[in-house]
Structures are given as structure tokens and as C-alpha cells.
Amino acid sequence: MGLAAIAAAACSAPPASYPDEVAAGRSDKDAYMRSSDSPVPAAQRATFPALPYYPIDEQYRVPAGLKVVRGEDVIEMSTWTGKPRRMRRIGTLAFTLKDQPQALTAFAQADGSSLRRLFVPFGDLTNGLETYQGGRYLDLDLKGSGVYELDFNRAYHPFCIFNPEYECPIPPRENRLPVPNKAGERMR
């Protein structure tokens, strides 16, 4: 098959389904965890197993509206090492998950000049049982519309569970969901 035929076939291929897209992202992360840039200690990378995940469930992919906080609202977010991290509270993401209204606070680095990415650390009732006791994270690209897609199928554990040299923020009390969130990365 010539280069033109390959390019034409690639252009006419249907877009990947949502489950295929999430599965591809998970596969990419497994490859990353074995790479030289990985947080996994070098001696463990070659044998590092695939990360375990909950099954992909589109019910955990929900729209959320961001209500922006006005002014400079900087907090000292606790980390697992005890050294606080300065984070800027950007606003509250309001959403409905499994017919229950919920809210999570979105943050950015306090000393960062760019607000292109929002950091959403959260805890839920799976912590310490099926997921890391300290919670999990979501990253969101900042959007001018104020409407975000919270995709908990993409929730991930902090790197400190793979390597204690990483300092990981602990989700603040306001980001503790009162329900189990069975989506995204899980423990073995």
C-alpha cells in the first residue's frame, strides 16, 4: 500500500469511540510508567505492571460549570510529606453525578503565571479501600466557556504512591465527595 493510500485510509477512518479513547490513554500511561521519565524508580520500571482501573463507565463523565472565585484566594494545601503547597483557589465546579448534586474546588499553582490548567484533587468513599487513601486527581484545561467535562474515568493516583520522593497534595476537606467514585485508577 502506497503512502497516499495509507494517508487516505487514515483520513477516512472513523473517530475512536469514547471507550477506545480512554483505553488508549490508559495504555499510553502504562508505557510512560515504564519509560525513563517515569516516577517509578529505575530498578522497577522494566517489570512495572499495568495500572489497575475501574471499568470505563460513561456515567462518570459529566459536565460541570465553574463558578470563578474573585480575587486572590491562596491556601496552604497539605501534602503527604507535611510540607504545605501554596495553591490558588480558582473556583467551584458544580456537577451532578448519578443524580446527586456535587461540587469540587479547582486549583492552580499559586506562584504560576499560567492558569491554562486546573488541578482538581478529590477524595471519595473508595479511598483507603479500593483507591489510595490520600485521594486522586483530575487535570482540566482552562476553558473560556466555564463549562468543563469532569471525566472521572481519567482520575489518577498521585505519583507519591509509586515513589516517595514525590510530594503529593492531599485533597482539602471541601473536595471530599460523600459517595464512592468507582472510576479511573484503583489500587490492586
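For the numbers below, each heavy atom of this structure counts, side chains included, while hydrogens, waters and symmetry mates do not. The model shown is predicted, which means the values in this text are computed figures rather than measured ones.
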key: Sole candidate of Tyr18, Tyr53, Tyr60 that passes side chain to side chain donor-acceptor pair (under 3.5 Å) when paired with Asn153   =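 With Asn153 as partner, side chain to side chain donor-acceptor pair (under 3.5 Å) holds for just one option, Tyr18.
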
key: side chain to side chain donor-acceptor pair (under 3.5 Å) partner of Tyr54, chosen from Glu130, Arg186, Lys182   = Glu130

Backbone N/O of [Y] and side chain of [X]: donor-acceptor pair under 3.5 Å:
X	Y	result
Ser35	Tyr32	yes
Thr131	Asn127	yes
Arg45	Ser38	yes

Considering non-hydrogen atoms only, spot the tightest contact between [X] and [Y] and give its length.
X	Y	answer
Pro121	Pro172	CG-CD, 4.1 Å
Ala103	Leu177	O-CD2, 4.2 Å
Leu125	Pro180	CB-N, 3.7 Å
Val69	Gly91	CG2-CA, 3.6 Å

Sequence neighbours excluded - ring-ring contact (aromatic ring centres under 6.0 Å, His included) pairs with any residue from residues 168-188 =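 Sorted result for residues 168-188: empty, none.
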
request  = Would you mind listing every ring-ring contact (aromatic ring centres under 6.0 Å, His included) that reaches into residues 90-111, with sequence neighbours excluded?
outcome  = Phe95-Phe152

Just wondering, do [Y] and [X] contact through their side chains at under 4.5 Å, heavy atoms?
X	Y	value
Gln102	Pro178	yes
Arg89	Ile75	yes
Asp141	Arg117	yes
Gln109	Arg88	no
Lys98	Val179	no
Leu150	Leu140	yes

Donor-acceptor pairs under 3.5 angstrom involving side-chain atoms of residues 154-164: please list them, not counting sequence neighbours.
| unit_1 | atom_1 | unit_2 | atom_2 | d |
| --- | --- | --- | --- | --- |
| Arg154 | NE | Asp151 | OD2 | 3.0 |
| Arg154 | NH2 | Glu21 | OE2 | 3.0 |
| Tyr156 | OH | Asp139 | OD1 | 3.2 |
| Tyr156 | OH | Asp139 | OD2 | 2.7 |
| His157 | ND1 | Glu185 | OE1 | 3.3 |
| His157 | NE2 | Tyr132 | N | 3.1 |
| Asn163 | OD1 | Glu165 | N | 2.9 |
| Asn163 | ND2 | Pro39 | O | 2.8 |

In this structure, would [X] and [Y] fall into the same cluster of hydrophobic residues linked by side-chain contacts under 4.5 Å?
X	Y	value
Leu66	Val120	yes
Val68	Leu138	yes
Tyr148	Leu97	yes
Phe122	Ile170	no
Leu104	Phe119	no

For the [atom1] atom of [X] and the [atom2] atom of [Y], what is their distance to the nearest 0.5 Å?
X	Y	atom1	atom2	value
Arg26	Ile56	CZ	CD1	4.5 Å
Met77	Thr105	CE	OG1	8.5 Å
Thr81	Lys83	OG1	NZ	7.5 Å

message = Does anything in residues 30-44 form a salt bridge (Lys or Arg N to Asp or Glu O under 4.0 Å)? List the pairs, not counting sequence neighbours.
response =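 Salt bridge (Lys or Arg N to Asp or Glu O under 4.0 Å) check on residues 30-44 returns no pairs.
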
query = Under 4.0 Å between a Lys/Arg side-chain N and an Asp/Glu carboxylate O for Arg176 and Asp124?
reply =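 No salt bridge links Arg176 with Asp124.
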
note = Applying salt bridge (charged side-chain N to carboxylate O under 4.0 Å, His left out) to Arg85 and not counting sequence neighbours gives none

remark   = salt bridge (charged side-chain N to carboxylate O under 4.0 Å, His left out) filter on Glu149, not counting sequence neighbours, yields Arg61

